[in-house]
Chemist: 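Mind having a look at this structure? Questions to follow.
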Amino acid sequence: MDSPQFTAEPSSNDTVERDFTVGDVPGLRSPASGAERAPLMFDVIIAGCGPTGAMLAAELRLHDVRVLVLEKETEPKSFVRIVGLHIRSLELMAMRGLLDRILGHGRQRPASGFFAAIAKPAPKGLDSAHAYLLGIPQPVIERLLEEHAIELGAQVRHGCAVAGFEQDDEGVTVELADGEQLRARYLVGCDGARSTVRKLLGVGFPGEPSRTETLMGEMEVGVPQEEITAKVTEIHETHRRFWLRPFGEGVYSVVVPAGGVSDRAEPPTLEDFQQQLRTIAGTDFGVHSPRWMSRFGDATRLAERYRVGRVLLAGDAAHIHPPIGGQGLNLGVQDAFNLGWKLAAQIRGWAPETLLDTYQAERHPVAADVLDNTRAQMELLSAEPGPQAARRLLTELMDFDEVNRYLIEKITAIGIRYDFGAGPDLLGRRLRDIDVKQGRLYDLLHRGRGLLLDRTERLTVGGWSDRVDHLADPTAVLDVPSVLLRPDGHVAWIGDDQQDLDGHLARWFGKPAN
Ligand SMILES: Cc1cc2nc3c(=O)[nH]c(=O)nc-3n(C[C@H](O)[C@H](O)[C@H](O)COP(=O)(O)OP(=O)(O)OC[C@H]3O[C@@H](n4cnc5c(N)ncnc54)[C@H](O)[C@@H]3O)c2cc1C
């Protein structure tokens with residue numbers, strides 16, 4: 001296997017990035033003269049060290065990009081909500097050698113029951129070596145991703161809120177809340193649903209505001225578990241946004257619809273929980289001693305653009321939707337995985353002209369689809385007779401394995417096919433983690449490089465060997481001659497013709513080095 005390192009390329013200090021001008025970007029101020037600007041201390045500044053920001057930082061570091069992550073909070077979040085990592089995210093972790101580190105912190109569950117919480121077994125033979133859900137506390141996955149980014153060389157500064165920025169032909173000047181100014185070639189807003197970066201950028205965030213809110217927290221109860229179980233089972237028949245589940249050591253996870261839509265900057269009180277429990281269940285279960293309490297809404301919005309010049313958006317900063325199906329964090333991490341190598345290529349100077357714009361072209365439709373499926377799921381949770389009838393019908397349809405599979409592949413993101421043009425069905429899809437002669441395919445992708453998996457043993461990656469590895473393996477279990485994988489594991493080319501391959505190497509990896 002050819003495996004040259006990126007060290008063959010220029011260091012980040014003498015970046016050979018292809019330039020574009022802010023004059024191309026509508027509505028932005030003309031640049032100040034070079035002499036007035038602070039030096040470019042970083043290649044990329046990331047606002048926000050949630051899962052999206054941390055994943056992006058790590059992906060950029062794989063390519064020796066100088067990254068600074070600015071996180072406004074000084075401490076990890078106090079609430080410990082369990083999130084589900086779906087199949088595609090688990091595959092991404094495996095592709096970067098992170099999965100073993102993460103698995104021990106979570107609990108594996110079957111890949112089923114995701115769509116509108118309709119209880120059905122997992123479809124048969126899901127096409128993945130990692131076909132399960134991993135439930136893991138969000139603060140733990142955030143810490144593991146941040147540690148990973150730091151180990152790879154990212155700088156992370158806590159207690160630093162991005163308050164403003166200005167972009168010009170060469171970079172972005174970022175202003176912190178305390179007035180400090182920092183400068184980088186690019187800024188990426190991974191700063192969550194209320195993104196300061198998105199607002200300052202003036203990017204529209206159309207969609208629907210919250211119509212319902214839900215209270216969520218952890219607290220102790222004052223009645224026996226059997227009493228709770230019986231009541232919860234009864235109420236859950238009609239109120240699907242309601243549960244009390246034991247969380248260990250006498251603590252219960254409590255989820256109950258809120259009375260109305262409020263100013264969500266304010267956390268709920270214990271009295272709010274007691275009142276809502278009494279309204280829904282006729283008893284407050286004697287809840288007391290809360291560990292934490294929060295609320296979430298069902299607003300559904302999608303940023304109109306993911307990029308304006310040198311500033312990009314990813315994760316919740318670009319899209320929000322209700323948590324049903326557990327897709328938000330997964331979507332953000334997958335945005336980061338899509339963007340990382342493209343932005344790195346831009347900075348390292350080998351990106352083809354339109355590569356960076358494929359980030360929006362590929363990820364915006366994926367987010368739009370997630371928003372739509374959560375809208376549909378929310379309707380199916382309604383206690384109204386019409387949605388209940390639709391739910392019963394869908395429940396019957398999901399007995400057809402193909403229907404069940406379609407929905408699970410959608411939620412777990414393994415059904416995504418990017419539009420790379422006409423070609424076999426595999427083109428544009430991710431390739432599963434198959435056996436290859438050196439072990440597992442995903443183990444060969446840890447460094448975030450492209451990979452030619454060559455079953456013909458007569459192809460070459462030629463002048464792209466500084467960006468793309470070559471594995472000649474006639475035994476690889478594939479029903480096509482050879483595939484070219486992008487660093488995010490999506491199939492960028494299928495065939496056996498060297499000239500055709502060279503064209504596709506140029507399309508995704510730019511000009512050959514020699
Ligand atoms: C009840 C509930 C359950 C959920 N369950 C799941 C699930 O099972 N699976 C799933 O995939 N998703 C789930 N989600 C969604 C998931 O929590 C979010 O989608 C995810 O946290 C988004 O990650 P992010 O990094 O994009 O944004 P965030 O997690 O919001 O991180 C943004 C970061 O930016 C920081 N920040 C904000 N402003 C600034 C600034 N100006 N400067 C610097 N830093 C800033 C914030 O402090 C924060 O650390 C759930 C959500 C809720 C409410």
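Scope of the values below: all heavy atoms of this structure, side chains included, with no hydrogens, waters or symmetry mates. Both ligands and their constituent atoms are indexed starting at 1 by order of listing. When a residue number appears, it is its place in the shown sequence, counting from 1.
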Chemist: Using the side-chain hydrogen bond (donor to acceptor under 3.5 Å, both in side chains) rule, pick out the option among Arg430, His86, Arg432 that qualifies with Glu91.
Modeler: Arg430
Chemist: If the criterion is any heavy atom closer than 4.0 Å to an atom of ligand 1, which residues make the list?
Modeler: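 Near ligand 1, by chain and number: Gly48, Gly50, Pro51, Thr52, Leu70, Glu71, Lys72, Glu73, Lys77, Arg81, Val83, Gly84, Gln138, Cys160, Ala161, Val162, Cys190, Asp191, Gly192, Thr196, Met216, Phe296, Gly315, Asp316, Pro323, Gly326, Gln327, Gly328, Leu329, Asn330.
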Chemist: Kindly write out the residues that satisfy ring-ring contact (aromatic ring centres under 6.0 Å, His included) with His364, not counting sequence neighbours, or none if the list is empty.
Modeler: Tyr306
Chemist: Distance alone, cut at 3.5 Å: any donor-acceptor contact between the side chains of Glu142 and Gln138?
Modeler: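 The answer is yes; a qualifying pair exists.
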Chemist: Return the set of residues passing side chain to side chain donor-acceptor pair (under 3.5 Å) with Arg101 (not counting sequence neighbours), or none when no residue passes.
Modeler: Glu151
Chemist: Please tell me whether Asp284 and Gln276 have a donor and an acceptor in their side chains that are separated by less than 3.5 angstrom.
Modeler: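 No, because no side-chain N or O of Asp284 sits under 3.5 Å from a partner of the opposite role on Gln276.
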Chemist: Under the rule for salt bridge (charged side-chain N to carboxylate O under 4.0 Å, His left out), what residues qualify as partners of Glu73, not counting sequence neighbours?
Modeler: none
